[in-house]
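Residue numbering restarts at 1 for every chain, and letters A, B, ... go by the order of the sequence lines. FYI, side chains are in, hydrogens and waters are out, and symmetry mates aren't considered; it's all heavy atoms of this structure.
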There are 2 protein chains.
Amino acid sequence: MGEKYKRLSYYYLCIIFKLYNHQRLELMKKTRLTLKDVANQLGVSTATISNAFNRPDQLSKKKRIEILEQCKRIGFEGPNKAAQILRKGHSNIIGIVLSDNIDYIISDPVASTFMKGATEVLREHKKHTLLYSGDSENIGDIADFVDGFICYGAPINQALVSELANQLKPVVTVDFDIENIPSINVDNETACFEIAKSTLKESDQVAILGLRLIDSKSTCRIYDSPLLDFEHSISHRRLDGYIAAAKTVGISIEGDRIWTIAKNTSKYASQAANEALTSIPRPDVILCMSDLIALEVLKLAKDKGIKVPEELRITGFDGIDEALRTRPSLTTICQANAEKGKAAAETLLLGLTTSRLVSYEMKIGEST
Amino acid sequence: MGEKYKRLSYYYLCIIFKLYNHQRLELMKKTRLTLKDVANQLGVSTATISNAFNRPDQLSKKKRIEILEQCKRIGFEGPNKAAQILRKGHSNIIGIVLSDNIDYIISDPVASTFMKGATEVLREHKKHTLLYSGDSENIGDIADFVDGFICYGAPINQALVSELANQLKPVVTVDFDIENIPSINVDNETACFEIAKSTLKESDQVAILGLRLIDSKSTCRIYDSPLLDFEHSISHRRLDGYIAAAKTVGISIEGDRIWTIAKNTSKYASQAANEALTSIPRPDVILCMSDLIALEVLKLAKDKGIKVPEELRITGFDGIDEALRTRPSLTTICQANAEKGKAAAETLLLGLTTSRLVSYEMKIGEST
DNA sequence: CTGTTAGCGCTTTCAC
DNA sequence: GTGAAAGCGCTAACAG
């Protein structure tokens, strides 16, 4: 009964809201001056006003300044941008397509740093940034008015990939590839080879905490499950690197020593950290595919009184601020995330067609 | 000579880029189907196609489905969004105006969490999120096509405030106020009173590390400098809370025990942390206006071998994940940042006109 | 250097 | 239930 009432009142609220909103919009329409209004008031043609704002070479300096001043006086801010978008066919808006929800991705420090680099370049070029979820149904919602796409990570809705490939605006991908489209990547395999190589010793018990290695929504060991290939191939490149390095010191890492995590969040990471640390034999080394995971392992080890690095060595991946700030500091691969963002934005804005590999740096911390 | 050559080639690059871009845009125009094309092909009027997509009640179910199918077949994705924006007068885009550069703000965990909440609600309502810098010259760049603004923190370019007040689209502010415009706030003063009250003892030496308390670009003590009032009044409310609480236990905190930091970043925070910890008398308690600052103090204390909380108690503000994850964990005020984001988005989308105070929660950690 | 005018692609009355 | 036509506000080609 109460539930029903709630629903009903919500329903009415929505109607009222819509009516109200409609009125509000009507009001707006009435009050914003148009080029035509101004042209009438100043006694010149609309073209002249338009030129005063957009093409200084089309009229005398004197007249231009005069017009601009008059416009300011009567409160005309310039040509309507919505109309400009339609007419000119571009908007100065760049869509950044994220791999997942905006709300998930924005709290991820790696993604944030990427965004930082990308938006910095976009801002220099006077472009606006529109965030777009990788779990959206389609790209058509914004494809008509953005000037291009930066696609950060394979979107969890795979359909978006082919939509991006089939539409006409320029696209740059990051951390994954679409045929014939420029991309920005890091050499994950080599990086992971290096960090594992520098950490592992012959007699080590090793565990790997990976990201989306198999198609599972929960944290678990991968055993011999089929690997999830398309979406998160960077995880597999990393895995390849770890395993290859282990092989060089005579260790072989089996599927029961490899965990997969569905999302790069503390919650999932702490589950995996707990499983790994309470498994027998207890690992001497835990190779983590993200700093966030490594930090959870570190925290848990502290809580359990396991000494790092004496009894347990931990490596991360990403190089987020917290990994450097925490004590003991983390051994990790510092991806130039901001650089990736910059590279992506530059590639898009300059219309480059070549892909780029961005450098990384291994930081040896106190955790190994 | 080399420099000149560089410049020149950059210049040419730009021209080539522009030509290329222009061509690219031309190409696009040609290839996207329009309502008219489709109407011709299907032998109906443009209105009917439009109705099939937007107003199901205007034509028979059968015809509608038929048209939609045909459209899919010939690859027509639906009416052009840019034209819709102009015609309908709204775009489903909400501008989020940040207090500073996008690139600065996005790496701030507090802001990220806010964004998480806000974008979640926007997504539910099928709205898109456009990020906008608080250091932009004006709002007019996007005011014509966004449906409204969420303004997170007082923009560092104050001019934006009056522009927002004077334009016609709905606005909601967060963490600051504009007359007659609904806002979302936290009771900073009470929160800081509580945390200080529960931490301070009669004989304590106290230091405060604040944010933008005075108009200074560097980290320094405030002494008796005039307080920066408009922009960052939340900082002053927090200060008021601390000082009031101190008074109740008989402590008076002077300007030479209060530091100000220009931006909430590790870099600035670590400067202040260092100054405070090396000052004489060394503080027993450091009250920090953000968790980021508190974490830097914590790190430095560890490096210096100062025991927390025995020799030094530290409080933060915000409740970011890292503050809970770090060891010892931080005593702090958990702002419901995601809630703030949600509240802001809801207030905007429902056209509410009342301001809202969002709750907070004090978390006693191991640092006090 | 300035003004006239034809659309950009769409939605929405208004006749039929 | 359907189609013709006006016009959202602007820009750019063109004529003067």
Side-chain angles (χ1 to χ4, degrees), chain A residues 22 25-67 71 76-92 140-145 147 168, chain B residues 22 25-67 71 76-92 140-145 147 168:
Chain A
H22 186 256
L25 290 173
E26 284 304 309
L27 204 72
M28 278 169 216
K29 264 185 218 161
K30 296 243 165 59
T31 5
R32 168 80 155 94
L33 287 169
T34 71
L35 222 52
K36 208 169 159 189
D37 299 332
V38 178
N40 286 340
Q41 276 196 47
L42 302 196
V44 291
S45 82
T46 59
T48 306
I49 312 281
S50 171
N51 285 333
F53 279 96
N54 305 313
R55 313 203 313 189
D57 54 313
Q58 297 295 300
L59 71 177
S60 68
K61 224 158 231 170
K62 197 184 143 197
K63 187 143 203 166
R64 190 176 115 89
I65 292 177
E66 197 186 307
I67 288 179
C71 286
F76 178 68
E77 311 267 353
N80 181 298
K81 296 292 185 284
Q84 279 187 324
I85 295 174
L86 175 58
R87 182 58 232 243
K88 290 189 170 175
H90 66 257
S91 60
N92 292 331
D141 236 26
I142 62 167
D144 285 326
F145 62 83
D147 294 346
L168 303 150
Chain B
H22 186 255
L25 290 172
E26 284 303 309
L27 204 73
M28 278 169 213
K29 264 184 218 160
K30 296 243 167 56
T31 4
R32 169 80 156 93
L33 288 170
T34 72
L35 221 54
K36 207 170 159 188
D37 299 332
V38 179
N40 286 339
Q41 276 196 46
L42 302 196
V44 290
S45 82
T46 59
T48 306
I49 312 282
S50 172
N51 284 333
F53 279 96
N54 305 311
R55 313 200 314 187
D57 53 313
Q58 298 294 302
L59 71 178
S60 67
K61 222 158 231 163
K62 195 183 147 199
K63 187 143 204 170
R64 191 176 114 88
I65 291 176
E66 197 186 308
I67 288 180
C71 286
F76 178 68
E77 312 267 353
N80 181 298
K81 295 294 185 285
Q84 279 187 325
I85 295 174
L86 176 59
R87 181 59 231 243
K88 290 189 170 177
H90 66 258
S91 60
N92 291 331
D141 236 28
I142 61 166
D144 285 326
F145 62 81
D147 293 346
L168 304 148

Subject >> Donor-acceptor contact present, side-chain B:T46 to main-chain B:L35, <3.5 Å >> reply: no
**OP:** With sequence neighbours left out, write down each residue that passes side-chain hydrogen bond (donor to acceptor under 3.5 Å, both in side chains) with A:D37, or none if nothing qualifies.
**Re:** A:T34
Subject >> Set of side-chain hydrogen bond (donor to acceptor under 3.5 Å, both in side chains) partners for A:N80, sequence neighbours left out >> reply: none
What is the distance from [atom1] of [X] to [atom2] of [N], rounded to the nearest Å?
| X | N | atom1 | atom2 | value |
| --- | --- | --- | --- | --- |
| B:L33 | C:dG9 | CG | P | 11 Å |
| B:F53 | C:dT12 | CZ | C1' | 17 Å |
| A:D144 | C:dC10 | CG | C1' | 11 Å |
| A:R32 | D:dC10 | CZ | C1' | 11 Å |
| A:D37 | D:dC10 | CG | C1' | 13 Å |
| A:I49 | C:dT4 | CD1 | P | 13 Å |
| A:I67 | C:dT2 | CD1 | P | 8 Å |

Subject >> Selected nucleotide, minimal atom distance to B:L86 side chain, candidates C:dG3, D:dC10, C:dG9 >> reply: C:dG9
Original post:
Looking at A:T48, does any N or O in its side chain come under 4.0 Å of the phosphate oxygens OP1/OP2 on C:dG3?
Top reply: yes
Subject >> Distance below 4.0 Å between B:T34 side-chain N/O and C:dG9 OP1 or OP2 >> reply: no
Side-chain contact, heavy-atom cut-off 4.5 Å: [X] with [Y]?
| X | Y | answer |
| --- | --- | --- |
| B:I142 | A:K81 | no |
| B:E77 | A:D144 | no |
| B:F76 | B:R32 | yes |

Original post:
Can you give one letter per nucleotide of nucleotides 11-16 of chain D, going 5' to 3': B for a protein heavy atom under 4.0 Å from the base, S for sugar-phosphate only, - for none?
Top reply: BB----
Supply the atom-to-atom distance [X] [atom1] to [Y] [atom2], rounded to the nearest 0.5 angstrom.
| X | Y | atom1 | atom2 | value |
| --- | --- | --- | --- | --- |
| A:I85 | A:S91 | CD1 | OG | 5.0 Å |
| A:N92 | A:Q84 | CG | CD | 9.0 Å |
| B:L33 | B:C71 | CG | SG | 9.0 Å |

Subject >> Residues within residues 59-66 of chain B bordering DNA chain C, heavy-atom distance below 4.0 Å >> reply: none
Original post:
When the C1' atoms of the five terminal pairs at each end define the local axes, what inter-axis angle does the helix from C:dC1-D:dG16 to C:dC16-D:dG1 show, to 10 degrees?
Top reply: 40°
Table please: side-chain donor-acceptor pairs of residues 48-59 of chain A below 3.5 Å, with sequence neighbours left out.
from, atom 1, to, atom 2, distance (Å)
A:T48, OG1, A:S45, OG, 3.2
A:S50, OG, A:N54, ND2, 3.4
A:N51, ND2, A:A47, O, 3.3
A:N54, ND2, A:S50, O, 3.2

